Amino acid sequence: MLEAMQPRKFGRLVPETPLDQTEQKRLQRNLASDHKLMVVPVRKPGRWIAAAAMAAAAIWLAHGIVTNANFGWDVVFANVFEPIVLQGLGLTLWLTVAAMCIGTVLSVILAIMRISENPFLNVPAGLYLWFFRGTPVLVQLIFWYNLAFLIPEIVIGIPFGPTFFRGSANDLITPYSAALLGLGLNEGAYMAEIVRAGIMSVDQGQQEAARALGMRPGQILRRIVLPQAVRVIVPPTGNETIGMLKMTSLVSVIALSDLLYSVQTISSRTFQTIPLLLVACVWYLAITSVMTVIQGRIEKRFARGDRTATVSWSRRMFGGSGIRNSK
């Protein structure tokens, strides 16, 4: 007669066939050994070696920074809140916000033109992107600053008709306007591709359903496409804003008193080049850190109801595996 089925640990069953004494003893030894299993963690020697190497490098770097008198930390602390530095910081922030506003508005227009089936809209938008993405920002800034050499007088009107506005390019193209034109128009080209990618990420079926309900193309864009595209547009826009903050330092070449130009003005008087550059680095790092935290909160706000993972602010700033699910 077949032996009854005997349950084994971990849910496995003993076969229903008869067992000889040798098999029964082996089975009993296996059952007894199940109670003595030990879980051994996976050894990761590479992680400890990397940690030791990074700790040694950090200690070496910190020691060099603290003990090297050429850094001039007393000069850094004495000038970090200097009025001319704070004025330059304010201008840097103003240029960042103004250029991003110009670039964002321009990018939406260019993105719509780019995805249009009308060649009279698609082709000019493509040429705009080709030109402004293909030339350096510094070259564009210098070009706008010296526009008066090319066009001494700016005239707005109807060809062979009345003139609505006439003015000197030297009076109109100041360092402020040249900086806004150079940064804003260039940013519009890059932001246009971001906006276009966000628009293209929206499922075409939703647009077809909106058209079936009788909605006009403008209504579909405002009420259906753009609200959903924002979720895709926000993360790279935050990165572009942080990049724009640092890109404003290029306006120092056209004699605009931003943060970098301000610290260079002090260093030309005191000959403390490195400490004054560290002052600029301190402010750039501080504002970038604040922007990173704000960007993370905005992304979390737009990711509500989405089960995809969002990156925590600590990972944005320091790296690592700080991934969490949005709730």
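Since this is a predicted model, take the numbers as computed values, not measurements.
Hydrophobic cluster membership differs between Leu129 and Val137, with clusters built from Ile, Leu, Val, Met, Phe, Trp and Tyr side chains linked at under 4.5 angstrom. Grouping the Ile, Leu, Val, Met, Phe, Trp and Tyr side chains by contacts below 4.5 angstrom, directly or via other members, places Leu181 with Leu150. Met191 and Leu106 sit in two unconnected hydrophobic clusters of ILVMFWY residues. Membership requires side-chain heavy atoms under 4.5 Å apart, directly or through other members. Taking hydrophobic clusters as Ile, Leu, Val, Met, Phe, Trp and Tyr residues chained together by side-chain heavy-atom distances below 4.5 Å, Leu141 does not share a cluster with Leu147. Under a hydrophobic clustering in which Ile, Leu, Val, Met, Phe, Trp and Tyr are joined whenever their side-chain heavy atoms come within less than 4.5 Å, directly or via other members, Ile298 and Ile287 fall into different clusters.
A donor-acceptor contact shorter than 3.5 Å is absent between the side chain of Trp130 and the backbone of Ala125. Judged by distance alone, the side chain of Glu193 and the main-chain N or O of Ala189 form no donor-acceptor pair under 3.5 Å. Between the side chain of Ser116 and the backbone N or O of Ile112 there is no donor-acceptor pair closer than 3.5 Å. In this structure, the side chain of Ser267 engages the main chain of Gln264 through a donor-acceptor pair within 3.5 Å. The backbone N or O of Leu172 sits less than 3.5 Å from a side-chain atom of Ser177, completing a donor-acceptor pair. Not a single donor-acceptor pair under 3.5 Å links the side chain of Gln228 to the backbone N or O of Val225.
From Ile109, atom CD1 reaches atom CG of Leu121 across 11.5 Å, with rounding to the nearest 0.5 Å. One distance of note links CG of Asn239 with CD1 of Ile242; it measures 6.0 Å at 0.5 Å rounding. We find the CG-CE distance between Leu221 and Met215 to be 10.0 Å, quoted to the nearest 0.5 Å. Taking OG from Ser257 and CD from Gln87, the interatomic distance works out to 8.5 Å, rounded to the nearest 0.5 Å. In this structure, CD in Gln219 is found 9.5 Å from CD1 in Ile224, a value given to the nearest 0.5 Å. For the atom pair CG of Leu110 and CZ of Phe132, the computed distance is 9.5 Å after rounding to the nearest 0.5 Å.
Listed here is the closest heavy atom pair of Ala192 and Ser107: N-CB, 3.3 Å. When all heavy atoms of Ser201 and Gly198 are compared, the closest pair comes out as OG-O, 2.5 Å. Residues Asn186 and Gly182 come closest through the heavy atom pair CB-O, 3.2 Å. Considering all non-hydrogen atoms of both residues, Ala178 and Ile173 come closest at CB-CG2, 4.1 Å. Here the closest non-hydrogen pair linking Asn146 and Ile142 is ND2-O, 2.7 Å. Between Phe71 and Val76, the closest heavy-atom pair is O-CG2, 4.1 Å.
Contact of the Trp144 side chain with the Leu183 side chain is not registered, since no non-hydrogen atoms from C-beta on lie closer than 4.5 Å. Residues Ile199 and Arg196 form no side-chain contact, since every pair of their non-hydrogen atoms from C-beta on lies 4.5 Å or further apart. Proximity of Glu240 to Ile194: side-chain heavy atoms (C-beta onward) are separated by under 4.5 Å at one or more points. Residues Glu82 and Ile266 are in side-chain contact: their nearest non-hydrogen atoms beyond the backbone lie under 4.5 Å apart. Val202 places none of its side-chain heavy atoms less than 4.5 Å from the side chain of Val232. Side-chain contact between Tyr261 and Leu256 is absent, with no heavy-atom pair separated by less than 4.5 Å. The shortest distance between side-chain heavy atoms of Leu95 and Met244 does not fall below 4.5 Å. You'll find the side chain of Leu277 reaches within 4.5 Å of the side chain of Leu260, heavy atoms only.
With sequence neighbours left out, Tyr145 forms a ring pair (Phe, Tyr, Trp, His ring centres under 6.0 Å) with no residue at all.
By the neighbour-count criterion of 12 heavy atoms within 6.0 Å, atom CH2 of Trp94 is densely surrounded, having more than that number from other residues, nucleotides or ligands. In the displayed structure, Tyr128 atom OH is contacted under 6.0 Å by more than 12 heavy atoms of other residues, nucleotides or ligands.
Among Leu276, Val85, Ile84, Thr270, the single residue meeting the side-chain contact (heavy atoms from CB on, under 4.5 Å) criterion with Thr265 is Ile84. Just one residue in the list Leu91, Asp258, Thr248 forms a side-chain contact (heavy atoms from CB on, under 4.5 Å) with Thr96, and that residue is Thr248. The residue from Val75, Asn79, Leu89, Leu259 that alone fulfils the side-chain contact (heavy atoms from CB on, under 4.5 Å) condition with Val279 is Asn79.
Residues Thr135 and Gln140 bring a donor and an acceptor atom of their side chains to less than 3.5 Å of each other. There is a side-chain donor-acceptor pair under 3.5 Å between Gln295 and Glu299.
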Determine, step by step, whether Trp283 and Leu86 satisfy the side chain to side chain contact (heavy atoms under 4.5 Å, CB included) criterion, reporting the C-alpha distance in whole Å, the side-chain angles of both residues, the deciding distance to 0.1 Å, and the verdict.
CA-CA 10 Å; Trp283 279 116; Leu86 296 180; 3.8 Å; yes
Go through the steps for Arg166 and Ile154 under the test side chain to side chain contact (heavy atoms under 4.5 Å, CB included), then give the verdict.
CA-CA 6 Å; Arg166 183 187 299 271; Ile154 298 177; over 6 Å; no
What do the steps show when you test Val155 against Glu153 for side chain to side chain contact (heavy atoms under 4.5 Å, CB included), and what is the final call?
CA-CA 6 Å; Val155 179; Glu153 190 177 44; 4.2 Å; yes
Decide yes or no on side chain to side chain contact (heavy atoms under 4.5 Å, CB included) for Met291 and Leu245, but give the supporting numbers first.
CA-CA 10 Å; Met291 286 185 173; Leu245 171 70; 4.2 Å; yes
